[in-house]
Protein chains: 2
Amino acid sequence: MSKQELAVLGQDDADGCCPGLLTAPLDEAQSIELAKVFKALGDPIRLRLLSMIASRAGGEVCVCDLTPAFDLSQPTISHHLKLLRQAGLIDCERRGTWVYYWLLPEMTDRLAGILTRPAGQLLPEPAGTAGDA
Amino acid sequence: MSKQELAVLGQDDADGCCPGLLTAPLDEAQSIELAKVFKALGDPIRLRLLSMIASRAGGEVCVCDLTPAFDLSQPTISHHLKLLRQAGLIDCERRGTWVYYWLLPEMTDRLAGILTRPAGQLLPEPAGTAGDA
DNA sequence: GGGTTGTATCGATGTTCTTCAATGCAACAT
DNA sequence: ATGTTGCATTGAAGAACATCGATACAACCC
């Protein structure tokens, strides 16, 4: 119950590090892999689970602390945790009776990099758009 | 700001700027708003559309350049563009016969910030996890 | 005006997702 | 061994989504 199939986005570094979403058109295979991760983040319950796990001081959270924080059944929480794990965002380990989850910061770092545009690449913003006013 | 209904995530700055996903548990309302944006990114077609728009030199793309790049019907592409626009990721304007889309970097910047953990906050990584090996 | 082209909207359809109750499995307690 | 507790898996029901063809609307051309 540990290392998942998170081969996701592994080839980015081979290209020279972080081709990014904003600098060049994504090819089809990359977009499929990346969409899986964003889809995992595209649910309010999973976002709250992830933030509860990531912001935990000790770096890990017992499922027994997560489940009662929601108005959902235990199998539903377990299902959402599984999706986050399959996306490579978290991992878990059983220790005795309890199972502990923790963040895999590699993935969130990679997403942050993908969403960050290179300095100096400011868009011309054709029409009356979002400057800052 | 612009002309959309992107009240999304607007209250973050009021709290002091970017509480982040990784530093404190997200409250329910924030998670719902944020999930809408990530859900918009959770589809390969929309990711490719966004990257084609964002990486365009002039800063904007004509729909007539986007549609033929996919093996999908024109209404389907139009639908995906609408979802990206409703998420606050892009905006558009009609100029004569054609419609042009461009990136709203405020939203991608905000997502990048949300996924970036404060420097120095390194997790203990309790067990033998997915380092690389 | 009438015809043509570019894009958005509408309805319908098949697929995927969220959720639950029921059940299974692992570890502990007695 | 037997019962109990914590968590995962299974199977099913309803909601949400992606996609299409048909159609509507906007702007241009003649």
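Remember, predicted model here, so these are calculated numbers, not experimental data. Throughout, a chain's letter reflects where its sequence line sits, starting with A, and its residues are numbered from 1.
Rounded to whole Å, the distance from CZ on F38(A) to C1' on dC17(C) is 20 Å. In this structure, Y100(A) places its OH atom 12 Å from P of dG6(D), rounding to the nearest Å. What separates NE2 of H80(B) from C1' of dC20(D) is a distance of 12 Å, to the nearest Å. The distance between atom CG of L81(A) and atom P of dG6(D), rounded to the nearest whole Å, is 16 Å. Across the protein-nucleic acid pair, W98(A) atom CH2 and dA8(D) atom P stand 14 Å apart, rounded to whole Å. We find that CD of E93(B) is positioned 13 Å from P of dA8(C), with the value rounded to whole Å. Rounded to a whole Å, the CG atom of L66(A) is 15 Å from the C1' atom of dA8(D). When the P atom of dA8(C) is taken as reference, atom CG of D91(B) falls 12 Å away, rounded to whole Å.
Here side-chain hydrogen bond (donor to acceptor under 3.5 Å, both in side chains) pairs that include residues 39-48 of chain B, with residues two or more places apart or in two chains, are R46(B)-H80(B).
L83(A) comes within contact range of the sugar-phosphate backbone alone, with a heavy-atom separation under 4.0 Å but no base atom that close. Residue contacts for Y101(B): at a heavy-atom cut-off of 4.0 Å it reaches the sugar-phosphate backbone alone, with no base atom in range.
Note that SG of C92(A) and CD1 of I53(A) are 9.5 Å apart. Values are rounded to the nearest 0.5 Å. In this structure, D91(B) CG and L81(B) CG are separated by 11.5 Å, a value rounded to the nearest 0.5 Å.
In terms of modelled atom types and a separation under 3.5 Å, the side chain of R94(A) and the main chain of G96(A) share a donor-acceptor contact. A donor-acceptor pair under 3.5 Å is absent between the side-chain atoms of R85(A) and the main chain of A87(A), judged by distance alone.
Looking at the side chain of H79(B), the nearest of the listed nucleotides dG6(C), dA8(D), dT19(D) is dT19(D). With dC7(D), dC20(D), dA8(C) as the choices, the nucleotide that has an atom nearest any side-chain atom of L72(B) turns out to be dC20(D). Taking every side-chain heavy atom of S78(A) into account, dA8(D) is the closest of dA8(C), dA8(D), dA18(D).
Closest-nucleotide positions on DNA chain C for V99(B) and D71(A) were compared, and the one nearer the 5' end corresponds to V99(B).
Under a hydrophobic-cluster definition in which Ile, Leu, Val, Met, Phe, Trp and Tyr are linked whenever side-chain heavy atoms come within less than 4.5 Å, directly or via other members, L26(A) and L72(B) are assigned to the same cluster.
D27(A) pairs by the salt bridge (Lys or Arg N to Asp or Glu O under 4.0 Å) definition with nothing, not counting sequence neighbours. In this structure T67(B) satisfies the side-chain contact (heavy atoms from CB on, under 4.5 Å) test together with V63(B), Q74(B), I77(B), sequence neighbours excluded. Partners of P75(A) under the side-chain contact (heavy atoms from CB on, under 4.5 Å) rule, at least two apart in sequence or in another chain, are S73(A). In this structure, D109(A) has no salt bridge (Lys or Arg N to Asp or Glu O under 4.0 Å) partners at least two apart in sequence or on a different chain. Listed by chain and residue number, L22(A), L115(A), L89(B), L103(B), P105(B) satisfy the side-chain contact (heavy atoms from CB on, under 4.5 Å) test with T108(B) (two or more places apart in sequence, or in another chain).
For the helix from dG1(C)-dC30(D) to dT30(C)-dA1(D), the rotation axes defined at the first and last 5 base pairs enclose an angle of 20°, given to the nearest 10°.
Hydrophobic cluster of L83(B): no remaining members, since no ILVMFWY side chain lies below 4.5 Å from it. Membership of the apolar cluster around Y100(A) extends to W98(A), as traced through chained side-chain contacts below 4.5 Å between ILVMFWY residues.
Near DNA chain D, defined here as any heavy-atom distance below 4.0 Å, there are no residues from residues 41-51 of chain A.
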For nucleotides 22-30 of chain D, just jot down a letter per nucleotide in 5' to 3' order: B, S or -, based on protein non-hydrogen atoms under 4.0 Å. B----SS--

Hey, what are the protein-to-nucleotides 12-16 of chain C N/O distances that come in under 3.5 Å?
none

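Annotation: side chain of M52(B) is not in contact with side chain of R56(B) (no heavy-atom distance under 4.5 Å).
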